[in-house]
Amino acid sequence: MNTTLEQAKNNMISKGFLDVDTPEKIDYVKEIERLKKEKNAVILAHYYQEDAIQDIADFVGDSLALAQEAAKTDADIIVFAGVHFMAETAKILNPTKKVLLPDLKAGCSLADSCPPADFKAFTEAHPDHKVVTYINCSAEIKTMSDVVCTSGNAVKIIESFPKDQKIIFAPDKNLGDYLNKQTGRDMLLWDGACMVHEAFSIEKLLDLHAEHPDAEIIAHPESPAHILKTASFIGSTAGLLKYARESKKEKFIVATEAGILHEMIKQVSNKVLIPAPADEDNTCACSECAYMKLNTMKKLYTCMQHELPDVDVAPEMAAKALLPIERMLDLS
Ligand code: 13P
Ligand code: SF4
């Protein structure tokens, strides 16, 4: 291929417009393992990734553990099997390393619900407030934050401020409402939400619980308050796994993205796990994140082969966004 054509093709791949052709019957597991070694690459995957990706990853975790792992890796290339804000955070922590995202279109409805210009005006209207942002937001939003948090450390982060400190919490109103109740604060909440957790049907959930009264409902705090009210335990993906592992209960209805069940089944193979039902009838009758599921083994392989698409953050923005991320890591 001549250089111009190659550049054009790489450009298309990096923008996610082109699905690179790969030979038939390729053994993705073998090839990805080979590329990992050849390129000194590490694959970091979120629990919501498809099963095969979780299985081939070097590290699978919740958003906090993934950020912590990205902060300490000595790999030359970080392949982020997750969504854009996660890869962006890894890049901010590793500005000199290449950070790959198998599909650049893997965004996040929650991050999208917080446009920077609107958020800037919101923070400027409340200059006496500290700004705590959930990690599920863009780098630009992080530059306007005092500290970032994840669902795994949010209570601790909020409690690091004096009780009378006014706080803006963004972008997740459900997590923010849950945190207000947990900490007894009255944080000003941005009106954003995750479409995956908003999609749970309370009617179907209650019917399912009536069918399985011996099951405990466990839920992610991105779920709306009416879902959280039914839950015996609320926690991040890692928190839900730990609870299912350590609880004496034998049966759980799990209200978070269905990808978590892959690791949960591995960890508690003796227990019964039922995904919480979504409003819409979809393929799994549960709630799946269409963004997370854009990454596939084929895209993982081609992105490692071509080292594209990679995630870039303008150096000035990265330097500003690093401060609240580092503050979070220090407090965790
Ligand atoms: P955690 O894995 O940190 O619980 O986050 C869930 C989520 O929605 C990630 O996008
Ligand atoms: Fe965003 Fe929700 Fe998908 Fe997580 S599950 S990436 S918060 S849309």
Side-chain angles (χ1 to χ4, degrees), residues 44-50 53-54 57 59-70 80-90 101-114 132-138 141 148-157 169-176 178-179 190-200 218-224 227-228 231 233-244 254-264 275-276 278 280 282 284 286-295 311 325 328-329 332:
L44 306 182
H46 189 266
Y47 291 123
Y48 297 164
Q49 290 293 285
E50 67 171 44
I53 293 181
Q54 292 192 45
F59 184 85
V60 188
D62 68 354
S63 306
L64 176 61
L66 288 167
Q68 287 167 329
E69 202 61 27
F80 218 112
V83 291
H84 193 271
F85 75 80
M86 295 178 171
E88 201 175 49
T89 303
L101 181 63
D103 191 322
L104 268 194
K105 294 192 290 314
C108 168
S109 65
L110 189 45
D112 290 347
S113 66
C114 196
V132 179
T133 54
Y134 192 34
I135 198 165
N136 301 37
C137 65
S138 66
I141 296 295
V148 166
C149 72
T150 73
S151 49
N153 62 14
V155 170
K156 201 172 175 186
I157 300 279
F169 184 83
D172 191 350
K173 64 177 177 191
N174 293 326
L175 176 61
Y178 167 73
L179 292 169
W190 182 260
D191 189 16
C194 159
M195 64 187 193
V196 177
H197 291 86
E198 289 263 295
F200 291 122
I218 58 175
H220 195 282
E222 286 174 22
S223 311
I227 300 287
L228 295 182
F233 177 78
I234 296 164
S236 73
T237 49
L240 296 174
L241 282 164
K242 184 168 184 283
Y243 184 80
V254 186
T256 193
E257 209 271 355
I260 188 83
L261 292 173
H262 183 59
E263 181 61 27
M264 214 175 253
E280 294 295 319
N282 55 28
C284 72
C286 55
S287 196
E288 283 196 313
C289 177
Y291 294 114
M292 286 276 183
K293 293 325 195 238
L294 280 175
N295 295 328
V311 170
I325 297 171
M328 170 189 81
L329 294 173
S332 301

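All residue numbers refer to positions in the sequence shown, counting from 1. Counting starts at 1 for both ligands and their atoms, in listed order.
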Protein contact of atom 4 (O) of ligand 1 - nearest heavy atom, named by residue and atom, plus distance
H220 NE2, 2.7 Å
For N136, counting its heavy atoms only, list the atoms of ligand 1 lying under 4.0 Å from any of them.
8 (O), 9 (C), 10 (O)
Can you sort out which atoms of ligand 2 are near C289, meaning under 4.0 Å from one of its heavy atoms?
3 (Fe), 5 (S), 6 (S), 8 (S)
Please report whether ligand 1 has a polar contact with T150, defined as an N or O pair separated by less than 3.5 Å (distance criterion only).
no
Heteroatom N/O/S of C194 within less than 2.8 Å of atom 2 (Fe) of ligand 2:
yes
Which ligand 1 atoms are under 4.0 Å away from a heavy-atom of S236?
4 (O)
Could you tell me which atoms of ligand 1, counted from 1 in the order shown, lie closer than 4.0 angstrom to a heavy atom of S151?
1 (P), 3 (O), 4 (O)
Under 4.0 Å, heavy atoms only, figure out whether ligand 2 is touched by the backbone of M195, its side chain, both or neither.
neither
Side chain of E288, backbone of A258: donor and acceptor closer than 3.5 Å?
no
Parallel, tilted or perpendicular: ring planes of F233 versus Y243, cut at 30 and 60 degrees
parallel
Hey, are S223 and Y178 close enough side-chain-wise for a donor-acceptor pair under 3.5 Å?
no
Going by the atom numbers of ligand 1, which of them fall below 4.0 Å from some non-hydrogen atom of D62?
1 (P), 2 (O), 3 (O)
Close-contact set for ligand 1 against S63 heavy atoms, below 4.0 Å:
1 (P), 2 (O), 3 (O), 5 (O), 9 (C)
Side chain, backbone, both or neither: which applies to Y48 and ligand 1 if a contact is any heavy-atom pair less than 4.0 Å apart?
side chain
May I ask you to check if ligand 1 and H46 share an N or O to N or O distance below 3.5 Å?
yes
For atom 1 (P) of ligand 1, state which one of T237, N153, T256 supplies the nearest heavy atom.
T237
Under 4.0 Å to a heavy atom of Y48 - the qualifying atoms of ligand 2, by number
5 (S)
Under a heavy-atom criterion of less than 4.0 Å, does E222 contact ligand 2?
yes
What atoms of ligand 1 come closer than 4.0 angstrom to any heavy atom of M86?
9 (C), 10 (O)
Using a strict 4.0 Å cut-off to heavy atoms of E222, name the atoms of ligand 1 that fall inside it.
6 (C), 7 (C), 8 (O)
Which ligand 2 atoms are under 4.0 Å away from a heavy-atom of N136?
7 (S)
